[in-house]
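Below, all heavy atoms of this structure are taken into account, side chains as well, without hydrogens, waters or symmetry copies. Letters A, B, ... mirror the listed sequences (proteins, then strands); counts begin at 1.
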Amino acid sequence: MSNSHKYETVIGLEVHVELKTKTKIFCSCPTEFGGEENTHVCPVCLGLPGVLPVLNKRVLEFAIKAGLALDCEIAGFSKFDRKNYFYPDLPKAYQVSQYDLPICKEGRLEIEAEGKKKTIGITRIHMEEDAGKLLHSGTTITSSHYSLADYNRTGVPLIEIVSEPDMRSAQEARAYLEKLKMILEYIDVSDVKMEQGSLRCDANISLRPIGAEEFGTRAEIKNMNSFKALQKAVEYEVERQAEILDEGGSIVQETRSWDEEKGVTVSMRSKEEAHDYRYFPEPDLVPIVVEPAWVEELRNSLPELPDERKGRLVNVLGLSEYDAGIITGSRALAEYFDRIVACYEEPKAVANWINGEFLRLLNAQGLEVTESKIDPEDFAALLRYIADGKISGKIAKEVFAEMFEKGEKPDEIIKRKGLIQISDEGALSAVVEKIVAGNPKSVEDYKAGKEKAIGFLVGQVMKETKGQANPGLVNKLLQERLESL
Amino acid sequence: MRKGENVLSLTGLTAYKLSELLRKREISSTELTEQHLELINALEGKINAFVTVTGEDAIKQAREIDKRRARGEELPSLAGIPAALKDNMCTKGVKTTCSSEILYNFVPPYDATVVEKLRAAGTVMMGKCNMDEFAMGSSTENSGFAPTKNPHDLRAVPGGSSGGSAAAVAAGEVVFSLGSDTGGSIRQPASFCGVIGLKPTYGYVSRYGLIAFASSLDQIGPFTRDMTDCALVMNAIFGHDSKDSTSAPVEAPDFTGYLKDDVKGLKIGIPKEYMQSGIDQQVAAYVKKAIEKLEELGAFCEEVSLPHTEYALPAYYIIAPAEASSNLARYDGVRYGLRVEADDTISMFNETRSRGFGEEVKRRIMLGTYALSSGYYDAYYLKALKIRTLVKQDFDEAFAKFDCLLTPTSPTPAFDFGEKADDPLSMYMSDICTIPVNLAGIPALSLPFDTVDGRPVGLQLIGKAFDEGTLLRVAYTLEQNTDLTRPKPDLEGGAAE
Ligand SMILES: [Zn+2]
């Protein structure tokens with residue numbers, strides 16, 4: 001172990017987000033994930049000689065929405081540039097991107113890591129096109145006899161969100177990425193699925209002696225495909241750099257790749273081998289002029305964002321920070337919650353059931369909130385049954401499981417299975433009478449001061465009523481009857 | 001070809017005359033097309049204006065037009081007229097090579113917008129014309145296949161880069177053709193070959209399907225034998241195109257409406273910088289003769305200064321190669337065109353590009369790559385953009401006072417093969433009068449005006465953005481009032497090998 005505590009870690013993240021527009025950024029091919037190789041292509045995204053790009057306005061809209069959600073300044077005038085480099089997955093040998101005039105800049109994102117709140121600066125957000133996918137016959141392009149190219153993904157719109165080097169630990173980096181994902185999901189501009197590559201993250205990591213002002217030399221880490229991978233890769237890299245510094249060595253500015261299996265970062269290319277991208281303004285596209293009125297329109301169209309929403313759940317609806325945090329963790333869940341509360345105005349009860357049974361069943365089956373078969377009105381109806389004392393909490397769980405399974409309405413299940421709680425005093429008194437008469441031993445025990453004996457008698461009444469008796473009422477009636485003996 | 005036979009009578013005519021004969025059904029498009037194909041067969045051995053002749057397709061299209069006409073359909077004025085395209089405009093199912101080894105077998109799966117428009121107009125496509133490779137050059141000597149010769153003098157170059165398109169019209173092989181102009185590539189060959197060539201305002205004609213050389217400068221335009229045809233072809237090809245983001249969202253008028261024999265009261269500026277360095281005395285004399293003629297017809301001509309003209313050429317040779325270095329990067333052997341197999345993909349790139357591109361193309365890719373490299377961008381590319389703005393301002397100031405400008409199209413008549421081929425700089429000078437126009441994005445046309453030793457000389461008329469009208473009007477007036485605008489090549493005896 002090195003003395004990594006001697007150093008302060010400095011992390012900045014570059015996050016690529018695939019936008020979920022229906023069509024690609026410069027042509028009308030579908031952006032759909034999957035599909036047979038080279039079927040979602042046309043002359044434009046294949047970069048055939050003579051074709052020209054036409055910007056999909058929805059891409060601009062989504063980029064601006066992301067900028068607004070991250071508190072960015074939206075540029076009234078921006079432009080596209082060409083980033084030139086040769087690679088077989090890049091059919092034009094340049095990527096249309098934005099260089100010096102990005103669509104958004106100077107934003108911020110509030111995160112919470114290890115119990116502390118912190119604001120991370122957003123340097124910029126720019127739009128660009130995705131490249132294709134290669135499948136090498138060997139391990140690398142130069143050691144391969146042949147490589148296969150699939151251009152379905154070529155031209156899928158991306159935004160790149162670049163943070164300031166404001167993060168100081170792996171936990172903060174992870175919290176930033178999780179929060180970013182949450183916000184992008186809220187504003188509905190991306191599927192943000194790391195496994196499918198619609199959310200990709202590179203990390204710039206450097207160390208500096210605690211108290212130092214100047215940044216150390218950084219390494220850029222690529223190829224981290226999950227939140228866990230990001231955290232592990234940062235932790236590894238910090239350790240690696242600290243060891244080098246401890247031994248009096250110096251960090252090489254380079255790009256490194258995270259090897260998930262081995263749990264290490266491996267050098268990809270040094271600064272000297274870095275590309276000179278020869279950026280210049282894309283002459284086939286006109287500059288982007290964004291009207292302030294449109295920006296305001298988009299601002300007004302933004303949904304309530306996670307922090308705002310959480311605040312409302314805590315301050316207005318009286319939920320705990322913890323419960324509100326879980327519910328607002330995903331927009332789908334938060335909206336589901338709101339819809340139930342709209343039908344049944346007991347937010348705490350709704351929150352208990354959502355964070356309890358609902359999420360338990362969802363997680364057990366690996367489903368998304370949107371895949372739930374339970375209609376919010378039915379969810380509310382079930383909670384009302386409980387509140388009205390018509391069914392017990394235990395029965396409710398059974399009913400809920402069936403609702404979850406089949407999407408059936410609670411009334412139907414309760415009716416079909418005859419589960420309605422017996423709260424009729426007359427009917428229950430008769431059963432109580434019968435059980436007291438049939439269990440003299442327990443009655444005797446109770447009278448002799450063994451108060452626990454009443455539990456057995458309650459159980460017998462419940463058994464007799466197939467669990468439908470109102471347990472509170474049974475308790476009360478039994479006690480009255482026993483006292484009267 | 002034998003003289004005096006009817007077989008020659010339908011070639012060498014203008015589109016509007018042929019259109020009239022077709023409409024009256026005095027001739028058929030099929031016979032018109034056949035005659036042009038015969039002439040192409042007869043002349044191509046000498047001229048080599050074409051990379052690909054699509055004879056069978058042409059006959060099919062002509063028959064279809066004849067059938068439609070026989071059914072009594074009202075057809076557009078260019079219907080049934082044989083035409084050709086520079087080989088950098090994509091044609092669905094027909095090889096499009098840019099006269100480059102690297103695209104020797106490229107067959108586009110789509111039509112360029114201008115091609116769609118010409119098809120809709122019923123034009124009969126005769127084939128694809130030779131050019132300097134990727135439109136880089138001023139003589140068509142840079143064709144990756146073989147040079148085109150000037151129909152007026154086979155020892156002379158036809159100009160470039162649209163040399164094939166200009167020569168095909170001059171030789172009578174087609175009635176009109178399309179070329180592209182990045183720094184003079186329509187006007188200079190029009191001047192050398194004695195035909196009319198118009199470079200429209202940037203954005204007037206869609207670039208979709210035009211294989212890019214320098215995207216911010218390229219513009220498609222027509223080669224015709226007279227001004228009426230020029231207006232007719234413009235009517236067919238102009239217009240906003242949603243597939244081209246740089247296409248201007250303006251309504252274009254009926255260009256034939258500008259064909260007025262009247263220049264009275266027009267103010268015509270004569271940029272003095274264009275009449276100075278390296279200009280041939282005879283060419284200068286013709287420009288003066290044109291000025292006299294225009295004044296005689298009631299125009300006011302006056303000298304004007306465009307002070308940044310001398311910087312236009314160097315700025316162009318930064319901007320155009322910079323864009324080209326990026327535009328031509330896609331030719332890597334992966335998806336189409338030439339592939340030279342090698343041990344791995346990266347080596348395949350290198351081998352393919354080394355073999356596939358010619359010298360001039362490689363030179364410009366190197367120039368452009370260098371100009372965009374980090375550390376040089378500000379000194380070269382950015383500075384060139386600033387000059388571009390100044391050149392534009394020069395024109396803006398001139399147009400505040402003048403309706404159009406008159407200059408020579410090229411400082412000299414057509415030069416001999418090999419004369420400048422080994423000296424890129426002197427070759428570049430051949431476009432000194434045409435390049436500033438592309439930097440400014442404004443329209444200009446070249447009108448033939450007499451010959452020097454049998455080699456035509458062109459006048460260049462430069463106009464305000466989207467004011468092709470004034471150029472058409474002035475050129476039409478000169479055409480109506482002199483007999484100097486239609487030099488005829490003598491391809492049967494006079495033109496010596
Ligand atoms: Zn496409």
Side-chain angles (χ1 to χ4, degrees), chain A residues 26-28 38 41-44 46-56 80-96 99-100 132 134 136-138 140-149 151 154 274-288, chain B residues 88-90 96 98 103 106 108-110 112-113 203 206-212 214-218 241-247 319 322-323 325-337 343-350 353 368-377 381-382 385:
Chain A
F26 299 125
C27 65
S28 49
N38 296 311
V41 294
C42 72
V44 175
L46 282 177
L48 290 190
V51 297
L52 296 171
V54 176
L55 177 62
N56 177 349
F80 281 103
D81 300 274
R82 291 187 185 175
K83 178 178 180 180
N84 297 284
Y85 64 96
F86 287 96
Y87 213 64
D89 67 359
L90 193 66
K92 300 189 294 288
Y94 57 80
Q95 179 192 30
V96 178
Y99 184 51
D100 53 347
L134 293 181
H136 303 307
S137 66
T140 66
I141 189 162
T142 40
S143 68
S144 289
H145 187 54
Y146 66 85
S147 303
L148 299 174
Y151 296 106
T154 308
H275 299 292
D276 177 356
Y277 291 119
R278 291 174 281 114
Y279 281 101
F280 76 104
E282 163 60 294
D284 286 332
L285 288 165
V286 288
I288 306 155
Chain B
N88 59 355
M89 295 169 210
C90 285
T96 301
C98 282
L103 284 178
F106 175 60
Y110 75 102
T113 296
S206 170
R207 291 188 297 117
Y208 187 79
L210 170 69
I211 299 182
S215 315
S216 75
L217 301 160
D218 296 343
D241 181 8
S242 59
K243 287 189 228 156
D244 177 356
S245 307
T246 63
S247 159
I319 294 169
E323 292 182 12
S325 72
S326 174
N327 284 331
L328 272 61
R330 70 189 66 189
Y331 307 113
D332 56 13
V334 173
R335 292 159 299 274
Y336 48 80
D343 291 340
D344 61 71
T345 308
I346 306 299
S347 311
M348 186 274 285
F349 279 8
N350 295 336
R353 292 171 65 80
T369 303
Y370 183 81
L372 291 175
S373 297
S374 88
Y376 297 97
Y377 182 88
Y381 189 76
L382 213 57
L385 289 186

Visitor: When heavy-atom pairs shorter than 4.5 Å are enumerated against chain B, which of A:Pro91, A:Cys42, A:Ser143, A:Pro43 gives the highest number?
Guide: A:Pro91
Visitor: At what distance, to the nearest 0.5 angstrom, does CG of B:Leu385 lie from CZ of A:Phe280?
Guide: 10.0 Å
Visitor: Minimum heavy-atom separation for B:Ser373 to A:Asp276, with atom names?
Guide: CA-OD2, 3.4 Å
Visitor: Would you compute the distance between atom CG of B:Asn350 and atom CZ of A:Phe86 and round it to the nearest 0.5 angstrom?
Guide: 8.5 Å
Visitor: Counting heavy-atom pairs under 4.5 Å to chain A, which of B:Ser216, B:Ala212, B:Gly209 comes out on top?
Guide: B:Gly209
Visitor: With rounding to the nearest 0.5 angstrom, report the CG to CG distance, A:Leu52 to B:Asp241.
Guide: 8.5 Å
Visitor: Between B:Arg335 and A:Tyr151, is there a side-chain donor-acceptor contact under 3.5 Å, judged purely by atom types and distance?
Guide: yes
Visitor: Under a 3.5 Å distance rule, please check whether A:Arg278 uses its side chain to pair with a backbone N or O of B:Ser374 as donor and acceptor.
Guide: no
Visitor: Nearest 0.5 Å, please: how far is OG in B:Ser326 from CD in A:Glu282?
Guide: 7.5 Å
Visitor: So which of A:Pro283, A:Ala93, A:Gly138 has the largest heavy-atom pair count under 4.5 angstrom toward chain B?
Guide: A:Pro283
Visitor: Of all the heavy-atom pairs spanning B:Tyr110 and A:Pro49, show the shortest one and how long it is.
Guide: OH-O, 2.6 Å
Visitor: Looking at CG of A:Asp284 and CZ of B:Arg207, how far apart are the two atoms once the value is rounded to the nearest 0.5 Å?
Guide: 4.5 Å
Visitor: Is there side-chain contact between A:Arg82 and B:Ser215, with heavy atoms separated by less than 4.5 Å?
Guide: yes
Visitor: Search all heavy atoms of A:Val54 against all heavy atoms of B:Asp244 and return the closest pair with its distance.
Guide: CG2-N, 4.3 Å
Visitor: Return the minimal non-hydrogen interatomic distance between A:Pro281 and B:Tyr381, and the atom names on each side.
Guide: CD-CE2, 3.8 Å
Visitor: Any sub-3.5 Å donor-acceptor pair from B:Ser245's side-chain atoms to A:Pro53's backbone N or O?
Guide: yes
Visitor: Report which part of B:Phe349 has an atom under 4.5 Å of a heavy atom belonging to chain A: side chain, backbone, both, or neither.
Guide: side chain
Visitor: Roughly how far, to the nearest 0.5 Å, is CG of A:Asp89 from OG1 of B:Thr345?
Guide: 11.0 Å
